[in-house]
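Just below is one structure, and these are the notes that go with it.
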Amino acid sequence: MALPKFDVLCPDSLDEACDMLESHASEGIKILAGGTDLLVNIKLPVIAPRAYVLESSTSQLVSTHSEELWKDHSGPLAPPSPAYLLSLHRLRNELERIEELPDGSLLVGALTTARTLQMSELVRLKWAALAEGADALGSPLVRARGTLGGNICNARPAADLFVPSVALGAKLGVVSIHGYEVIDASEFALAPGKTRLQSGQILVEIVYPASPPGTGSAYYKLAQRKALDISVVGAGVRLTIDSLLKITSVSLALGAVGPTPIVAKTVIDVLLGKKLDDSTLKLAATAAASDATPIDDHRGSALYRKQMIEVLTRKILTTAYLRARRSL
Amino acid sequence: MKKIISLTVNGKVVEVAVEPGRTLLELIRDDLNLPGTKLGCGLGDCGSCTVLMDGIPTFSCLTLAIQAEGCRIETVESLSQDGHLSKLQEKFIEKGAIQCGFCTPGMLMTSTELLRRNPGPDEHEIREAISGNLCRCTGYQKIVEAVQGHSEEGEK
């Protein structure tokens with residue numbers, strides 16, 4: 001399966017990348033990080049670079065195929081065809097890093113791969129939900145190329161790095177020629193594949209709040225198989241407890257049960273100030289299910305998904321609570 | 001417009017002019033004439049195009065050649081030395097881990113990287129490592145045995 005012809009820009013610095021994004025904005029430009037989704041979408045073609053559209057307009061076969069794919073795709077689709085891809089591969093030194101900041105928060109560069117996240121002892125120790133999201137993503141080969149920034153910017157509701165990032169309260173650092181902006185991960189996605197990222201902007205870093213003693217997190221993905229699958233339901237949580245083992249803060253995010261990763265807001269009231277016992281767990285599970293708006297699709301029915309949200313909520317809360325107790 | 005890139009393939013520095021949309025797989029097979037690496041699905045699902053890029057298993061069908069500029073690429077052709085197969089290749093033959101052979105180059109590269117980072121993997125670690133490489137013939141058992149057999153006997 002060959003790729004169509006298109007032009008790729010290879011900036012040597014972030015400043016140059018921002019300039020290129022700005023100057024080619026009107027022609028359509030798409031940012032290429034690991035390519036595990038973008039290049040697949042171009043090959044299929046869900047996204048057709050402009051040069052390709054022009055060439056293939058003479059070919060009935062290709063255009064029919066492409067139309068079918070567009071029809072199959074539910075929901076608002078994909079940005080207009082880009083004329084350029086902007087490859088970030090020369091910015092690896094700048095944008096591929098994992099660093100604990102002086103205030104205890106964790107900075108992860110947007111080009112950091114899922115494989116690197118998996119292998120980081122620091123991430124697994126203090127931001128376990130993110131490491132477990134990385135474990136669950138695609139296959140080892142996808143994890144070797146797929147990046148944290150790309151997974152978030154694709155804004156798929158099931159994204160295995162995005163959902164735990166929302167649960168962990170991540171802040172997204174975005175740059176353009178106009179400067180630096182911070183966006184809450186929980187507010188970043190607008191619809192499947194659609195984000196708050198403006199034309200000319202590029203996600204450069206993701207910052208996870210500090211993980212003080214008494215904090216634990218967890219992510220669990222339910223799918224038909226363990227490798228190369230998209231979740232039926234994904235759930236991530238981060239919570240902090242005090243010395244009396246009562247929950248002082250909690251944030252729970254759900255994947256694949258709505259158009260974007262969903263923050264289960266009613267769970268917060270159920271859990272705050274409580275110890276995690278059986279009755280609290282049950283209440284929290286019911287609350288989480290009520291926050292979701294799943295649909296029926298080939299991966300699972302809405303009813304099944306609602307039931308599985310309850311199961312997953314109990315599971316991740318139990319795990320995160322145990323980790324929180326261990327870190328006290 | 002073609003771009004000139006430089007990369008190291010199986011220890012040799014290569015300088016080539018490539019179309020921006022050319023994949024690393026096409027560069028390796030068609031321009032560098034190393035047909036050991038296979039094109040399977042072309043979509044990152046099957047792993048038959050796996051090469052090592054800076055030591056990491058990478059699907060070359062979903063990597064643009066220009067993304068590999070400055071990188072160190074190892075293909076299945078690099079495993080044999082002076083006409084002798086590597087120990088792992090010999091184990092694949094001995095254990096019957098090859099049937100049609102199409103997944104084999106990818107399986108070998110993925111397993112080679114696993115054994116470099118973890119010389120004594122258990123069955124679970126092997127199955128996890130090759131979970132992005134599909135095989136329709138062997139049912140994986142023979143491949144797992146070959147990798148295990150290799151690690152039991154140690155490096156060549």
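What's counted below: heavy atoms across the whole structure, side chains too, no hydrogens, waters or symmetry copies. Proteins come first, then strands; the chains are lettered A, B, ... in the order of their sequence lines, and each starts at number 1.
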Please classify the contact between A:Ser87 and chain B as side chain, backbone, both or neither, with a heavy-atom cut-off of under 4.5 Å.
side chain
Between A:Lys226 and A:Asp135 (salt bridge meaning N to carboxylate O under 4.0 Å), is one present in this structure?
no
Largest heavy-atom contact set with chain A, pairs under 4.5 Å, which of B:Lys3, B:Glu69, B:Glu19, B:Glu128
B:Glu69
Determine, for A:Lys221 against A:Asp229, whether the closest basic-nitrogen to carboxylate-oxygen distance falls under 4.0 angstrom.
no
Report the residues that fulfil salt bridge (Lys or Arg N to Asp or Glu O under 4.0 Å) with A:Lys315, sequence neighbours left out, ordered by chain and then residue number.
none
Best-contacting candidate, B:Leu25, B:Asp45, B:Thr110, against chain A by heavy atom pairs under 4.5 angstrom
B:Asp45
Which atoms of B:Ala129 come close to chain A, meaning under 4.5 Å heavy atom to heavy atom: side chain ones, backbone ones, both, or neither?
backbone
Between A:Arg156 and A:Asp37, does at least one N-O distance fall below 4.0 Å, as a salt bridge requires?
no
With a 4.5 angstrom heavy-atom cut-off, which part of B:Arg127 approaches chain A: side chain, backbone, both or neither?
neither
Check whether B:Ser80 reaches the backbone of B:Gly83 with its side chain - one donor and one acceptor, N or O, closer than 3.5 Å.
no
Looking only at heavy atoms, which of residues 88-98 of chain A get nearer than 4.5 Å to chain B?
A:His89, A:Arg90, A:Arg92
Distance from B:Lys12 atom NZ to B:Leu32 atom CG, nearest 0.5 Å?
10.0 Å
So for A:Leu141, is it side chain, backbone, both, or neither that comes closer than 4.5 Å to the heavy atoms of chain B?
both
Spatial distance of atom CZ (A:Phe162) from atom CD1 (A:Ile152) [nearest 0.5 Å]:
6.5 Å
Nearest 0.5 angstrom please: B:Ile5 CD1 to B:Ile66 CD1, how far?
7.5 Å
Distance alone, cut at 3.5 Å: any donor-acceptor contact between the side chains of B:Gln148 and B:Glu152?
no
